Asker: 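One structure, pasted below without further comment.
Because the structure is predicted, anything quoted here is derived from the model rather than measured. Values below: every heavy atom of this structure, side chains too, minus hydrogens, waters and symmetry copies. First listed ligand is number 1; within each ligand, the first listed atom is number 1.
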Amino acid sequence: MTPASRLTALISGATLIAAGLSAAPAAAAPAVPDGLTLVTVKHSLLGDHQWFQQTYRGLPVLGGFLVKHTETRSGAVTTEDGRLAVNGDVTPLAAVGADRARASAITRDGGQVTRSQLVVVPGAQAVLAWRVLLDTGNDSRELLVDARSGAVIRSESLIKKVNGSGKVFNPNPVVTLQNESLKDASNANSAVFAPAYSTVTLTQLNAGGKLKGAYASNASASAVTSTTNVFNYNRSQAGFEQVMVYYHLTRSQEYIQSLGFTDVNNSAQVYKTTGLTDDNSFYDPSTDRLTFGTGGVDDAEDAEVIWHEYGHAIQDDQVPGFGSGAQSGAIGEGFGDYWAYSMSSAVSANTATTPLACIADWDAVSYTSTVPHCLRRVDGTKVYPGDVAGEVHDDGEIWSRGLFDIFNALGRVQADRIILEAQFSFAPNTTFTAASNKIVAAAQALYGAAAAAACTTALHARGFI
Ligand SMILES: [Ca+2]
Ligand SMILES: [Ca+2]
Ligand SMILES: [Ca+2]
Ligand SMILES: [Zn+2]
């Protein structure tokens with residue numbers, strides 16, 4: 001680029017201040033210097049504050065501003081110049097129309113357009129872009145769409161995220177305390193539980209003091225609130241389960257994103273910890289909502305139950321209507337248990353007292369008499385087809401053992417990347433064999449022949465392939 005072709009919208013601050021000062025007396029309308037548009041005038045105790053939007057060839061320059069403060073008493077004027085350099089030849093004519101830009105934005109993030117305008121994005125090579133605002137239902141997003149190509153340059157949430165804190169079990173008190181003798185005692189808190197509570201950071205919260213954030217949204221009755229975003233409850237208080245689910249869903253989604261996936265249930269998962277007194281929890285695909293029952297130990301006091309249910313939400317997001325057949329239903333239950341196993345592996349010791357393969361160690365104390373107390377295990381010995389019982393949770397143990405073996409052959413990160421990647425290709429009514437072949441193919445594509453062979457070995461051992 002030749003120096004002569006470089007353009008800049010910046011004029012000197014001295015010129016501008018001079019223009020402002022040379023304007024009419026205070027009572028008259030404020031002067032509007034060239035390249036700036038008056039946005040608003042605010043009146044404070046000590047003076048007036050004129051805010052200007054920087055413009056370039058008549059278009060707003062994103063983020064560029066200038067403010068002029070006039071002290072009422074002395075008449076002194078100070079200026080803060082927040083204008084930004086606009087370099088390069090920005091032609092203020094859009095090749096891409098507003099309709100196409102809006103369509104690009106909706107394709108990227110969904111939702112409905114609330115506003116669109118042509119802007120200049122400043123920088124070393126300034127760009128003409130459409131600024132499109134979207135309401136996606138659980139977020140408000142600002143997208144910049146290149147006005148030459150129609151490509152989305154940037155997408156950001158306009159909702160301020162805050163961190164809070166709260167007390168949780170992580171994953172559950174049986175594992176943390178290495179104590180298989182714990183009792184629910186009708187939801188009573190007691191000293192024995194004290195060392196089982198962890199104080200954690202609640203990330204991704206929307207401003208507003210509720211347990212609503214980027215990846216989890218509390219829809220429980222009498223939902224707890226905190227103006228300071230501190231959510232400390234014990235297990236006898238209804239707020240405790242609400243915090244448990246918020247935290248463990250959010251951690252799950254943050255882990256998924258750390259694997260590189262940006263489109264695996266990447267939205268605020270709605271959940272309820274109230275209204276169901278059964279000893280059961282479920283994901284409802286018709287409402288995209290998780291409900292946690294309070295029978296026996298409150299289900300949401302055990303993170304492994306929360307993660308199991310999130311597994312259903314993950315698969316339903318990846319494959320609309322997933323789990324419509326007997327085997328795909330079992331794959332759904334098996335994956336939920338496996339997801340609980342994988343998530344728990346990051347926070348659980350694998351001991352003789354509480355083997356990592358034991359799922360829902362705490363919830364299960366209410367309905368099992370042998371130790372360790374397990375809702376199910378992921379290290380069973382059942383094989384397809386001889387051990388198929390025709391019940392999705394039971395048959396899910398065949399699937400979860402296959403995933404367990406992949407995890408232990410390849411490690412957590414590779415196993416989870418392979419399994420999540422493969423699930424995008426599962427049919428809603430997939431079979432053990434078809435799903436196994438997708439996993440082997442994903443392993444081959446992501447990590448090569450040795451990883452594919454490890455998956456084949458694990459799934460062959462279960463009789464699937
Ligand atoms: Ca409770
Ligand atoms: Ca329960
Ligand atoms: Ca466990
Ligand atoms: Zn389930």
Asker: In this structure, is the centre-to-centre distance between the rings of Y341 and F404 below 6.0 Å?
Answerer: yes
Asker: To the nearest 10°, what's the angle at the Zn ion (ligand 4) between atoms NE2 (H308) and NE2 (H312)?
Answerer: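 Value returned, to the nearest 10°, is 100°.
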Asker: Anything protein N/O/S under 3.0 Å from the Ca ion (ligand 2)? Just list residue and atom, please.
Answerer: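 Protein N, O or S atoms closer than 3.0 Å to the Ca ion (ligand 2): D279 OD1, G295 O, V297 O, D299 OD1, D363 OD1.
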Asker: With a 6.0 Å cut-off on the ring centroids, do W339 and H308 count as close?
Answerer: no
Asker: Of all the N, O or S atoms in E241, which one sits nearest to the Ca ion (ligand 1)?
Answerer: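 The closest N, O or S atom of E241 to the Ca ion (ligand 1) is OE2.
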Asker: At their closest point, which heavy atom of A435 faces which heavy atom of T430, and how far apart are they?
Answerer: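 Taking every non-hydrogen atom into account, N-OG1, 3.5 Å.
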Asker: Looking at residues at least two apart in the chain, or sitting in another chain, which of them share a side chain to side chain contact (heavy atoms under 4.5 Å, CB included) with L45?
Answerer: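 L45 satisfies side chain to side chain contact (heavy atoms under 4.5 Å, CB included) with no other residue.
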Asker: Among the N, O or S atoms that E333 has, which is closest to the Zn ion (ligand 4)?
Answerer: OE1
Asker: How about Q237: does one of its N, O or S atoms come closer than 3.0 Å to the Ca ion (ligand 1)?
Answerer: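 Here the distance criterion (N, O or S atom, under 3.0 Å) is not met by Q237, so no.
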Asker: Would you call R376-E397 a salt bridge at under 4.0 Å N-O?
Answerer: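 No, this pair does not count.
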Asker: I'd like to know if the side chain of E421 and the backbone of I418 have a donor-acceptor N/O pair within less than 3.5 Å.
Answerer: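 Not confirmed, E421 side chain does not pair with I418 backbone.
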Asker: Would one find an N, O or S atom of H393, in either backbone or side chain, under 2.8 Å from the Zn ion (ligand 4)?
Answerer: no
Asker: Testing Y233, F231, F193, Y197 for ring-ring contact (aromatic ring centres under 6.0 Å, His included) with F240, which one passes?
Answerer: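 Among Y233, F231, F193, Y197, the one meeting ring-ring contact (aromatic ring centres under 6.0 Å, His included) with F240 is Y197.
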Asker: My understanding is that only residues two or more places apart in sequence, or in another chain, count here; which of them pass salt bridge (Lys or Arg N to Asp or Glu O under 4.0 Å) with E333?
Answerer: none
Asker: Is there any side-chain hydrogen bond (donor to acceptor under 3.5 Å, both in side chains) pair reaching into residues 444-461, and which pairs are they, with sequence neighbours excluded?
Answerer: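 Non-adjacent pairs meeting side-chain hydrogen bond (donor to acceptor under 3.5 Å, both in side chains): R417-Y447.
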Asker: Look at the N, O or S atoms of E309, main chain and side chain alike, and state whether any lies under 2.8 Å from the Zn ion (ligand 4).
Answerer: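 No, since none of the N, O or S atoms of E309 sits under 2.8 Å from the Zn ion (ligand 4).
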